[in-house]
Amino acid sequence: MYSQPLSKLKIGILGGGQLGWMMILEGKKYPFEFYVLGDKEKDPACKIADKCFSEEEYKQMIDSSDIITYEFEHVNENALEYAEEKEKLLPRINNVELKRERYKEKEFLRDNSFPVPRFYVAEDGDEALKILKEEFNNEGVIKTSKGGYDGKGQYFIHNDVDKYQFIKDMKCKFVVEEFVNYDFEASIIAVRSKNEFKYYTPSYNYNEKGILVYNYGPYYNDKMIEIADNLTRRLDYVGTIGIEFFVRKNQVLINEIAPRVHNTGHYTLDAASISQFEEHIRAISGLPLGSISVSKFFGMVNILGTDNLPKELLNYGKVYWYGKNEVRKRRKMGHVNIIGNDLEDVKQKIDNVIKLIYPQGYSL
Ligand code: ADP
């Protein structure tokens, strides 16, 4: 047995948002350089990268990196394909391909016997409304197959289908899905490398209008762990993954998968022995994964569409501010990580933090 030094890798990240920013903050502990494909002036990850490349320079960036990863699935497709072709992309392209169209992800999960809500695929808006009527008695969710995230392109219909007749003229593909009357939403963050599988304790998540407002935990659910293990194995996955669920009694249904680090895993920066970001960097670099323990009661509140940052927030937790140039409605500007003595204490602190960030209540 002889030891090998840590290679001085050059890691390229496609996408310049906050997830890339946190990957770099955590990955900079290693002797690695980080390159980002994004907007030099505006993107949080670009501001702290060793080098930022513009969209047109993707080949140059990929050629000069040892490994390419992505912080968001809806990034430059040419760059993803070129990185895959050069055998540098992790997680591999099959994972992002599932996310290009919602129906592909849903069909993949159903065809591989993972639990999902009942759904049908419609070729256009007219067919979507017909399916809603015939299969779901006009109560369900119509989701555009392409281009949806953070709740965009989703129509929740509850016997008010008359209001949604405009969908009839839409000429794109849709997924029409049962409305799940869940008890709560939850997610698990897991990591797979070539030889190892690890996972974090799941969390309870609270979304409003399709966007995560806060989450907390721990929440224990063995089924979610088993699904994360099987799914990452089936996807031949390398890196960190987030899997979101609806929980109804003792049943879990997958809502969606995120083949990357995930908003519901921000708590791992402060409540776990190693963060989801550092584990991701280790997994894609071929390093041993760290041992994961979540020994604390934790919470996280997103700072959405405001730059109101009262310093009293520091009485309750740790503030992460992404440094985005412009505030926009619903935009993720930062988050607050909270640690508590028990779940009640965490929930109380979440409540206090929400009141401080949104003194007039939040509008999403
Ligand atoms: P996106 O892909 O835009 O992030 P999701 O499909 O994850 O959107 O949905 C966002 C949120 O909308 C979910 O977290 C949940 O709160 C709600 N939602 C989505 N689909 C359903 C459904 N079938 N039944 C009930 N609520 C749903």
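Both ligands and their constituent atoms are indexed starting at 1 by order of listing. Atom set for the values below is all heavy atoms of this structure, side chains included, hydrogens, waters and symmetry mates excluded. We number each residue from 1, following the sequence as shown.
Which parts of ligand 1 touch G210 is read off a 4.0 Å heavy-atom cut-off, strictly below it: atoms 10 (C), 11 (C). The distance from ligand 1 to the heavy atoms of N207 drops below 4.0 Å at these ligand atoms: 14 (O), 16 (O). Residue-ligand proximity, Y182 to ligand 1, at heavy-atom distances under 4.0 Å covers atoms 16 (O), 25 (C), 26 (N). Against a heavy-atom cut-off of under 4.0 Å, V141 is close to the following atoms of ligand 1: 22 (C), 23 (N). For ligand 1, the atoms closer than 4.0 angstrom to any heavy atom of F179 are 24 (N), 25 (C).
Checked against the 6.0 Å centroid threshold, Y103 and F108 do not count as a close aromatic pair. Between F136 and Y120, the gap from one ring centroid to the other is short of 6.0 Å. H266 and Y320 have their aromatic ring centers separated by at least 6.0 angstrom.
Evaluated for a side chain to side chain contact (heavy atoms under 4.5 Å, CB included) with E279, the options V261, V191, I189 yield exactly one hit, V191.
Within 6.0 Å of CD on E87 lie no more than 12 heavy atoms contributed by other residues, nucleotides or ligands.
In this structure, E185 contributes its side chain and V247 its backbone to no donor-acceptor pair below 3.5 Å.
The cationic group of K10 does not satisfy the cation-pi geometry with Y35, failing either the under 6.0 Å distance to the six-membered ring centre or the 45° limit from the ring axis.
In N255, the part holding a heavy atom less than 4.0 Å from any atom of ligand 1 is the side chain. Contacts with ligand 1 closer than 4.0 Å are made by side-chain heavy atoms of R102 only, the backbone lying farther away.
The heavy atom nearest to atom 6 (O) of ligand 1, considering only E177, K143, E178, is found in K143.
Not a single heavy atom of K209 sits less than 4.0 Å from an atom of ligand 1.
Of the polar atoms of V180, at least one N or O is found under 3.5 Å from an N or O of ligand 1, judged by distance alone.
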